[in-house]
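Contents: one structure, followed by commentary.
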Amino acid sequence: MMAENVSLQDVENALGGVMHPAINSSLLDLGIARDIEFDGSEATLTLALPALNIPAGITNYMIDSLTETLEEIGVGIKINIREMNDEERQNFFSMEQENWKGL
């Protein structure tokens with residue numbers, strides 16, 4: 001499927017459904033998936049992690065989920081990974097506490 005007539009809004013809507021594996025919130029709501037850009041065929045986004053030493057299985061799960069979600073609407077993806085800053089981390093941890101469901 002080609003990404004015909006797919007807008008940035010479509011990309012954001014699709015990504016908004018990608019949930020964290022252990023927290024009952026989407027990666028967008030948690031601030032993990034951020035800085036989304038879209039050029040008509042490929043989305044670029046940043047995966048901001050609360051710490052760079054989180055288990056690879058969780059990071060890979062999030063990357064695979066984001067990739068598969070966009071493939072379903074015919075969009076490629078490029079993901080940059082960085083560590084959250086203090087403010088982002090604070091927001092993440094307060095949401096994590098509220099919405100924790102466990103693995």
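Note that the numbering runs from 1 along the sequence shown for the chain. Computed from a predicted structure; not experimentally measured.
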Within a strict 4.5 Å, meaning less than it, do heavy atoms of the Val18 and Leu28 side chains meet?
no

Quick check on the hydrophobic clustering: are Ile36 and Met19 connected, directly or via other members, by side-chain heavy-atom contacts under 4.5 Å?
no

Which heavy atom of Ile81 sits nearest to which heavy atom of Leu52, and what is that distance?
CG2-CD2, 4.3 Å

Partners of Glu83 by side chain to side chain donor-acceptor pair (under 3.5 Å), sequence neighbours excluded?
Arg89

Pairs in or reaching into residues 15-28: which pass side chain to side chain donor-acceptor pair (under 3.5 Å), with residues at least two apart or in two chains?
Ser25-Asn99, Ser26-Asp29

Stepwise side-chain contact (heavy atoms from CB on, under 4.5 Å) check, Leu15 with Leu27:
CA-CA 8 Å; Leu15 293 174; Leu27 298 183; over 6 Å; no

Using the test side chain to side chain contact (heavy atoms under 4.5 Å, CB included), find all partners of Asp39 that sit at least two apart in sequence or belong to another chain.
Ser41, Glu42

Not counting sequence neighbours, which residues clear side chain to side chain contact (heavy atoms under 4.5 Å, CB included) with Glu98? List them please.
none

For residues Ile23 and Phe92, determine if any side-chain heavy atom of one lies less than 4.5 Å from a side-chain heavy atom of the other.
yes

What residues, two or more places apart in sequence or in another chain, satisfy side chain to side chain donor-acceptor pair (under 3.5 Å) together with Gln9?
Asn13

Enter the distance from Leu47:CG to Leu49:CG here, rounded to the nearest 0.5 Å.
4.5 Å

Measure across Pro50 and Phe93 and return the closest heavy-atom pair with its distance rounded to 0.1 Å.
CB-CZ, 4.2 Å

With sequence neighbours left out, the residues meeting side chain to side chain donor-acceptor pair (under 3.5 Å) with Asn80 are Lys78

Nearest 0.5 Å please: distance from the OG1 atom of Thr46 over to the CZ atom of Arg34.
8.0 Å

Taken to the nearest 0.5 Å, the spacing of Met95 CE from Ile32 CD1 works out to 9.5 Å

State the CG-CG distance between Leu70 and Leu45, to the nearest 0.5 angstrom.
7.5 Å

For Arg82, give me all partners under side chain to side chain donor-acceptor pair (under 3.5 Å), at least two apart in sequence or on another chain.
Glu88

Check: residues 57-64 side-chain donor-acceptor pairs under 3.5 Å, at least two apart:
residue	atom	partner	partner atom	Å
Asn60	ND2	Ala56	O	3.3

Shortest non-hydrogen contact between Val11 and Ala43, atoms and distance
CG1-CB, 4.0 Å

Quick check: closest heavy atoms across Gly31 and Ala48, and the distance to 0.1 Å?
O-CB, 3.8 Å

